[in-house]
Amino acid sequence: MMLGAVQFGLFAAGVVLFVPMGMAGWHLSRNKMLFFSCALFITLAVGVHLIPYFPSVTSFLSSSSSSSSSSSLVVNRNSCFPLLHQVAFDFQELGNNSERGSWKWIEFENVVDCDFQKLTKTDTSDLLNGSWVVVAGDSQARLMVVSLLELLLAKNEMEVVKGDLFKRHSDYNMFVDEIGMKLDFIWAPYVSNLTDLMMGFKEKKSYPDVFVMGAGLWDMLHVNNASDYGVSLKSLKDSVVSLLPVSSTFGNEDRSETNVVPIRSPNLFWLGMPKLISSMLNTDEKKEKMSDVMCEAYNDELYRSKLLQQSGGPLFLLDIHSLSNNCGAHCTDDGMHYHGAVYEAAVHIMLNGLLIESNQKL
């Protein structure tokens, strides 16, 4: 059928092209310029009419255009994720206890092209509107929560929040009515605590939209065995992988397709340990057990576990070690907990990661 249409089209094109040219040729032979102009016009007209008979041409053009556009998105997404931690700190502003503006993304060309943004309260509210955010871990995770809430709440509200949030070794939860966001901080200083949390989500068939987790400092101090830490990380990775892609079946009796409801996979982040400065740690036990050698062994186990996206796993690393190392020793008073700018930068890295993941742009 298609071949017949093409043959008919070619025959019609020949009639349209050559008959008028033959009839006009004698009259136009004295004016070659006019003759060739007429021939070119007729040829273009015929070409336009023939295009529908060759759909592969139009499909090729459209597919080339769309593939170019989609590849552009893929390249942008894949190339920008590794650059999220390209952060520099303004030491002068840090010395002045500046609450904002004490850090920025470095102005290398490829970083600038990614157009990372420091999100405002409005931007953050729009991005997290209606979300359930869970942050689980130790004191580093607690500081992450502080920086996130400082983006969403007024100063007077934050004073009340800090009083409740910093109750020793306790959970904290709140609901930001203005944007319908639920936030849970869960005290989970060991990796096994995080594994239990993941299994709890599975049992309840309820998953947060954003889950930030991290543990290691307590293990290093109280267990002090990098190999055991690595085993725990691999168990956590297995529990996370078993839940992804996440789906839930409602109704124990009837498991037909009508009762299977897909649930969007949560955005998973791993909160890395900070750069520990042994000489500044506030107890002799910490100085002995949390040495540079032990820190390196624990970080090696983290990458070896393949928990992180950077090593083929499911969680994106919020690299507090890199950020705190860039900020330096003058950004910490106890060699472990750093200036708020470090955790603020981590929050913005997470938020920009969410923007990239969802192909959004504010």
Side-chain angles (χ1 to χ4, degrees), residues 72-74 76-87 99-105 111-137 140-155 157-158 161 165 172-186 201 206-214 244-246 262-272 309 314-320 323 340-362:
S72 166
L73 289 173
V74 171
N76 180 62
R77 180 181 182 277
N78 291 340
S79 61
C80 287
F81 262 119
L83 300 174
L84 280 166
H85 288 87
Q86 297 297 313
V87 167
E99 294 184 1
R100 293 189 63 81
S102 52
W103 67 275
K104 63 180 180 179
W105 278 284
V111 178
V112 172
D113 289 343
C114 289
D115 194 26
F116 299 139
Q117 304 172 57
K118 283 191 179 184
L119 277 68
T120 63
K121 176 181 178 179
T122 301
D123 293 335
T124 307
S125 298
D126 289 343
L127 182 61
L128 298 179
N129 183 42
S131 297
W132 177 22
V133 179
V134 174
V135 182
Q140 300 293 312
R142 200 186 299 272
L143 292 171
M144 183 82 174
V145 171
V146 170
S147 289
L148 176 59
L149 290 178
E150 283 178 339
L151 268 176
L152 295 169
L153 304 178
K155 284 186 179 181
E157 294 176 296
M158 277 306 301
V161 167
L165 185 58
Y172 174 80
N173 58 76
M174 74 174 302
F175 191 82
V176 184
D177 294 315
E178 185 180 349
I179 59 173
M181 186 194 85
K182 179 184 178 184
L183 172 69
D184 289 323
F185 167 73
I186 300 172
F201 292 145
S206 178
Y207 305 88
D209 300 291
V210 179
F211 189 13
V212 182
M213 66 182 97
L244 303 176
V246 179
I263 298 177
R264 180 166 56 89
S265 298
N267 295 279
L268 301 170
F269 297 90
W270 180 261
L271 193 63
Q309 285 185 11
L315 276 70
F316 180 78
L317 174 65
L318 299 174
D319 195 351
I320 299 296
L323 295 173
V342 169
Y343 305 98
E344 181 188 306
V347 166
H348 282 277
I349 288 169
M350 178 188 75
L351 296 176
N352 277 267
L354 290 174
L355 287 173
I356 296 172
E357 186 69 30
S358 58
N359 290 321
Q360 295 184 60
K361 190 174 182 64
L362 296 174

Is a side-chain donor or acceptor of H348 paired with a backbone partner of L119 at a separation under 3.5 angstrom? yes
So which heavy atom on L152 is nearest to which on S125, and how close? CD2-OG, 3.7 Å
Close side-chain approach of Q309 to L317, heavy-atom, < 4.5 Å: no
Which heavy atom in P82 sits nearest to a heavy atom in S79, and how many Å separate them? CD-O, 3.4 Å
When you compare the side chain of M174 with that of L153, does any pair of heavy atoms fall below 4.5 Å? yes
Where is the tightest heavy-atom contact between V134 and P208, given as atom of each residue plus distance? CG2-CB, 3.6 Å
Could you pull out every donor-acceptor pair under 3.5 Å between side chains of residues 177-185 and any protein atom, sequence neighbours left out?
unit_1	atom_1	unit_2	atom_2	d
D184	OD2	W132	NE1	2.9

Search all heavy atoms of A341 against all heavy atoms of S102 and return the closest pair with its distance. CB-OG, 3.3 Å
Counting N and O atoms only, with roles assigned by atom type, does the side chain of W105 sit under 3.5 Å from a partner on the main chain of V112, one being a donor and the other an acceptor? no
Would you please name every residue forming a ring-ring contact (aromatic ring centres under 6.0 Å, His included) with Y343, sequence neighbours left out? none
L271 to M144 - nearest heavy-atom pair and separation: CD1-SD, 3.9 Å
Can a donor-acceptor pair be found, under 3.5 Å and without considering hydrogens, that links the side chain of E157 to the backbone of A154? yes
N173: side chain to side chain donor-acceptor pair (under 3.5 Å) partners, not counting sequence neighbours: none
Decide yes or no for V145 and L148: does some side-chain heavy atom of the first lie under 4.5 Å from some side-chain heavy atom of the second? no
Say you draw a straight line from CE of M213 to CD1 of I186; how long is it, rounded to the nearest 0.5 Å? 10.0 Å
